[in-house]
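Reviewing the structure listed below.
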Amino acid sequence: MPELPEVEVLARHLRPALRGRTVRGVRVNRAKILQPTSEREFKRALIGTKFKTLSRRGKYLLFDFQTAKKTVTVLGHLGMTGRMFIADKSEPLPKHAAVVLELDRGNFVFEDTRYFGRMTLDLAAVEKLGPEPWDEKFTAEIFRRELKRSRQPIKVKLLDQSLIAGVGNIYASEALFHARISPKLAANKLTLAQTEKLLRCVREVLAEAIDCGSTIPLNFSGGKKTDGLFYFGRAAGALDFYEERLLVYDRNGRPCVKCGTAVRRIVQAARSTFFCGRCQKV
DNA sequence: CACCATGTTCCTTG
DNA sequence: CCAAGGAACATGGT
């Protein structure tokens with residue numbers, strides 16, 4: 001479930017659920033998820049600590065746990081299929097529960113079928129991130145200056161987390177559609193006006209997704225497939241609510257909502273891109 | 001069997 | 001040194 005909006009919504013749900021909780025024990029079913037932190041190191045650092053705060057940076061979650069002496073920060077990333085939720089201790093763990101924090105009340109479960117996610121004490125990844133989309137210092141001028149250095153298609157650059165943090169494959173296509181810019185346009189060819197518009201659209205698309213997700217009472221504790229997958233309504237077979245919000249993503253061959261032309265799917269940097277060849281000319 | 005999937009990192013090539 | 005492309009990671013859905 002992982003792009004910036006989903007991670008932000010998850011953080012908002014987890015924060016109150018973790019408030020005041022203490023870590024009594026830690027279970028690791030997939031040590032790979034912790035690397036480069038070792039299982040022993042991870043357990044020793046966390047057992048006995050108390051949850052303090054949770055923040056988001058790009059698609060990463062930063063959990064602060066506290067002992068009398070110091071703060072321990074855990075970096076979480078959902079990869080492609082990761083989910084995090086608080087479950088009653090009586091509930092059976094899902095098949096791919098990678099890490100479980102046994103709390104004084106309930107379990108914090110990190111489940112990830114493909115195990116691409118992370119739960120680690122190594123914070124190096126966040127230091128490589130570019131600015132948050134809403135960072136006021138991240139102006140269109142600065143954005144454009146960075147884009148000038150690359151001839152890669154703009155869609156591919158939007159996925160570069162060191163350029164701007166949090167945009168993923170779905171919202172990259174969506175933002176470009178909103179901005180009426182072709183995903184194939186070379187990054188260094190964007191005009192300042194286009195760059196301004198794109199930055200505005202990235203912000204709008206992400207903000208809208210956060211709003212939308214935040215209004216939904218996610219049930220993270222259940223085993224249902226749809227839990228937490230709020231933007232994947234179609235694949236999860238539910239919520240047409242979402243379907244309407246994604247205007248091009250995963251809509252290959254279906255009519256563009258603005259002009260009726262069939263939405264196209266192309267492959268860029270080994271990832272699907274969806275766009276309208278008529279609305280997104282340049 | 002084939003192909004697809006919300007992400008990141010590492011390796012190679014130029 | 002950098003940019004760019006592709007494979008790898010691991011599992012499941014269609």
Side-chain angles (χ1 to χ4, degrees), chain A residues 1-10 29-36 56-61 75-84 94-99 110-120 122-130 146-175 184 186-189 202 205-206 209-210 212-213 218 223-239 242-243 245-246 248-253 265-274:
Chain A
M1 51 173 289
E3 288 187 39
L4 185 152
E6 292 73 34
V7 178
E8 176 60 29
V9 170
L10 175 61
N29 295 327
R30 267 298 168 127
K32 171 190 187 282
I33 287 295
L34 308 177
Q35 65 185 230
R56 178 196 58 72
R57 178 78 171 87
K59 302 173 194 174
Y60 291 86
L61 289 170
L75 182 68
H77 194 288
L78 298 168
M80 294 270 261
T81 53
R83 299 170 41 198
M84 294 176 180
K95 182 176 175 188
H96 297 291
V99 179
F110 177 23
E111 181 250 15
D112 186 359
T113 49
R114 288 170 75 176
Y115 301 106
F116 287 177
R118 277 291 178 278
M119 185 104 173
T120 177
D122 175 35
L123 310 182
V126 287
E127 282 152 32
K128 300 174 197 158
L129 291 177
E146 295 302 314
L147 293 178
K148 277 284 177 210
R149 292 155 26 102
S150 172
R151 275 155 300 195
Q152 275 191 304
I154 183 60
K155 153 63 165 38
V156 176
K157 290 308 286 181
L158 282 177
L159 300 182
D160 181 349
Q161 302 300 297
S162 70
L163 175 65
I164 178 169
V167 180
N169 206 38
I170 292 177
Y171 297 115
S173 282
E174 293 297 311
K184 295 188 279 194
N188 61 358
K189 298 290 188 211
V202 164
V205 162
L206 296 179
I210 291 171
C212 180
L218 297 180
K224 296 185 206 69
K225 288 195 184 73
T226 53
D227 288 357
L229 300 173
F230 70 84
Y231 71 157
F232 233 43
R234 218 134 59 87
L239 317 171
Y242 291 115
E243 231 176 297
R245 284 204 19 265
L246 297 182
V248 286
Y249 185 81
D250 204 19
R251 292 177 62 93
N252 191 27
R265 172 185 181 271
I266 58 173
V267 174
Q268 297 179 293
R271 315 274 308 222
S272 289
T273 299
F274 299 89

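Not measured: the values here are computed from a predicted model. Residue numbers begin at 1 in each chain, while the letters A, B, ... track the order of the sequences.
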Below 3.5 Å between N/O atoms, which protein atoms pair up with nucleotides 7-10 of chain B? Just atom names and distances, please.
unit_1 : atom_1 : unit_2 : atom_2 : d
B:dG7  : OP1    : A:K59  : NZ     : 2.8
B:dG7  : OP2    : A:N169 : N      : 3.0
B:dG7  : OP2    : A:R271 : NH2    : 2.5
B:dG7  : O3'    : A:H77  : NE2    : 3.4
B:dG7  : N7     : A:R271 : NH1    : 3.0
B:dT8  : OP1    : A:H77  : NE2    : 2.9
B:dT8  : OP2    : A:K59  : NZ     : 3.1

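- An OP1 or OP2 oxygen of C:dA10 is reached within less than 4.0 angstrom by no side-chain nitrogen or oxygen of A:H96.
- A straight line from CZ of A:R149 to P of C:dC1 spans 15 Å, rounded to a whole angstrom.
- In this structure, the side chains of A:R118 and A:Q35 come closer than 4.5 Å at one or more pairs of heavy atoms.
- Remark: C1' of B:dC4 and CZ of A:R265 are 8 Å apart, rounded to the nearest angstrom.
- Rounded to a whole angstrom, the distance from the C1' atom of C:dG12 to that of B:dT9 is 22 Å.
- Using a 4.5 Å heavy-atom cutoff, the side chains of A:F274 and A:N252 are in contact.
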Worksheet item: So what does the secondary structure string of DNA chain C come out as, 5' to 3', with Watson-Crick or wobble pairs under 3.5 angstrom, [ ] for crossing and | for pairs with another strand?
Response: .||||||||.||||
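- Side chain of A:S150, nearest nucleotide from C:dT11, C:dA4, B:dC4: C:dA4.
- Closest non-hydrogen pair, A:A125 versus A:L75, comes out as CB-CD2, 4.1 Å.
- A:V167 approaches A:K59 most closely through the heavy-atom pair O-NZ, 3.3 Å.
- Backbone-only engagement by A:K95 is indicated by non-hydrogen atom pairs under 4.0 Å involving sugar-phosphate atoms exclusively.
- The two residues A:A187 and A:K157 have their closest heavy-atom pair at CB-CG, 3.7 Å.
- Atom P of nucleotide C:dC2 and atom CG of A:D160 are separated by 13 Å, given to the nearest angstrom.
- Put simply, NZ on A:K32 is 15 Å from P on C:dA8, counting in whole angstrom units.
- Between the P atoms of B:dC4 and C:dG6, the separation comes to 14 Å (whole Å).
- B:dT8 and C:dG13 have their C1' atoms separated by 22 Å, given to the nearest Å.
- Of the residues A:L246, A:N169, A:V202, the one that meets the side chain to side chain contact (heavy atoms under 4.5 Å, CB included) test with A:E174 is A:L246.
- Considering only side-chain N and O atoms, A:R30 lies under 4.0 angstrom from the phosphate OP1 or OP2 of C:dT11.
- At whole-Å resolution of the value, CD in A:Q268 and C1' in C:dG6 are 15 Å apart.
- For the 3.5 Å distance criterion, the side chains of A:S272 and A:R265 qualify, holding a donor opposite an acceptor.
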Identify all side-chain donor-acceptor contacts of residues 146-154 of chain A below 3.5 Å with residues at least two apart in sequence or on another chain.
unit_1 : atom_1 : unit_2 : atom_2 : d
A:K148 : NZ     : A:N188 : O      : 3.0
A:S150 : OG     : A:Q152 : N      : 3.0

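- Nearest heavy atom pair, residue A:G58 against residue A:A165, reads CA-CB, 3.8 Å.
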